Amino acid sequence: MSVSETPEPSAEELVKGLFEETGLRQSLVPTYTAAVLALRDREKAAELRAAGFGAAADLIEPDSAVIAEAFGPEDQ
């Protein structure tokens, strides 16, 4: 008898679900979800650069506009 495995939710699904549980206005959920994931990507890109994998880091470095849309420009 085979037990079907339930696929693990993606990071996007997890973050989106958490924002929805907090009662965040539905119109803001996609923006904040994208921003949180972009911040995580930025952190991972920095780790790759520090380890000497700059080309790989460039592939996952997020567009700072995604973060700015949710949280404002970084220079404030």
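Keep in mind that this is a model prediction, so the values were computed, not measured.
- Val66 and Tyr32 are not part of a single hydrophobic cluster, where members link through side-chain heavy atoms under 4.5 Å apart.
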Could you tabulate the donor-acceptor pairs under 3.5 Å formed by side-chain atoms of residues 47-60, not counting sequence neighbours?
residue: Glu47; atom: OE1; partner: Lys44; partner atom: NZ; Å: 3.3
residue: Arg49; atom: NH1; partner: Glu61; partner atom: OE1; Å: 3.2
residue: Arg49; atom: NH2; partner: Asp58; partner atom: OD1; Å: 3.0

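- To the nearest 0.5 Å, atom OG of residue Ser64 and atom CZ of residue Phe71 are 13.5 Å apart.
- Between atom CD1 of residue Ile67 and atom CG of residue Asp41 there is a gap of 8.5 Å, rounded to the nearest 0.5 Å.
- Remark: Thr6 engages no residue in a side-chain hydrogen bond (donor to acceptor under 3.5 Å, both in side chains) (not counting sequence neighbours).
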Which pairs of donor and acceptor atoms, one on a side chain in residues 11-23, lie under 3.5 Å apart (sequence neighbours left out)?
residue: Glu13; atom: OE1; partner: Ser10; partner atom: N; Å: 2.7
residue: Thr22; atom: OG1; partner: Phe19; partner atom: O; Å: 2.7
residue: Thr22; atom: OG1; partner: Leu24; partner atom: N; Å: 3.4

